[in-house]
Amino acid sequence: MSGRITNRVRLLRFLANEMTQAELGRRIGVTRQTVAAIEAGKYAPTLETAFRIADVFGVALDEVFGWERDD
Amino acid sequence: MSFRERTLWVALLGNVLVWGGYFVWLANRVARGGLEAIPHPTFLIGVVVWLIIYSILAAGLVQVLARREAQAIDRTLDEREQVIAWRAGATAYTLLSVFTLLIIGGLFTGWPSRVAINALLLAFVLAESLRYTLELRALRA
C-alpha cells in the first residue's frame, strides 16, 4: 500500500494569527527550514514533533496530518 | 540559509582551499620529482595549522553573520538535520571504507609509507567533502 502524508500546517499557521515558520519552529524545537520542509511535504516529522505541532494549534493530530493513499 | 548550512559550507570550503591546495602542490612536486619528492609526514603539521587558522576565522565570521541576522545560534541539530547527517555519514563511511581497503592492498603490493599516508589522507578528505556535499544537497532539497 503506497501513499503520502498530507498536512494542513501552513493553513493552521495562518489561522493562528499568521504565525511565522520561525515562530512555529521555535515552539516545537526545530528550525524554520524544517517547518518549511514539513509544509512542502518534503519531510515527515517524528511522531513527537507531529504531536507538538498539533498541541501548538490546539487541535487533534488527525486535523493536522492525513494519509492519502495512491489508488 | 540555516546555521547548519553555513557551517557545512565553511567546512567544505576549508577542505577545498587547504587540502585541495596541499594535494595540488603535492601532485606538482611528484610530477617533477617522482615519489621521492613527497615530503616527510611531519610537513602535514603545517597544513593542519593552516586548517585550524582557517576554521577559527571562518567559524567566527559565521557567528557574526548569524548574530546580525538575529538568528538563534543553536548548535544542536534538529531531527531533520540529524537524519540528513546520519544518511550522509553512512554514504561517506562506505566511500572511506572502500578507499581504505584499496590503500591496504597498495601497502601489500609495496607502496611506500609516505604514499599510503597521503592516500589515506586524501581518502579522508574526499569522504568528508562528500558528507558535507550530501548534507548541503539534502538540506536545500
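All chains are named by letter (A, B, ...) in the order of the sequence lines, taking the proteins before the strands, and each is independently numbered beginning at 1.
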Single-linkage hydrophobic cluster [X]~[Y], side-chain heavy atoms < 4.5 angstrom:
X	Y	value
B/V48	B/I117	yes
B/V16	B/L126	no
A/I38	A/L61	yes
B/L120	B/F43	yes
B/L130	B/L51	yes

No-hydrogen, no-angle side-chain donor-acceptor test under 3.5 Å, B/S2 and A/Q33: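 Short answer, no.
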If you compare all heavy atoms of A/Y43 against all heavy atoms of B/E79, which two are closest, and at what distance to 0.1 Å?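 Looks like OH-OE2, 2.7 Å.
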For the atom pair CD1 (B/I84) and OG1 (A/T34), what is the distance rounded to the nearest 0.5 Å? 7.0 Å
Nearest 0.5 Å please: distance from the CZ atom of B/R80 over to the OG1 atom of A/T31.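 Reported to 0.5 Å precision, the distance equals 6.0 Å.
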Part of A/A37 lying under 4.5 Å from any heavy atom of chain B: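 Looking at A/A37, just its side chain touches chain B.
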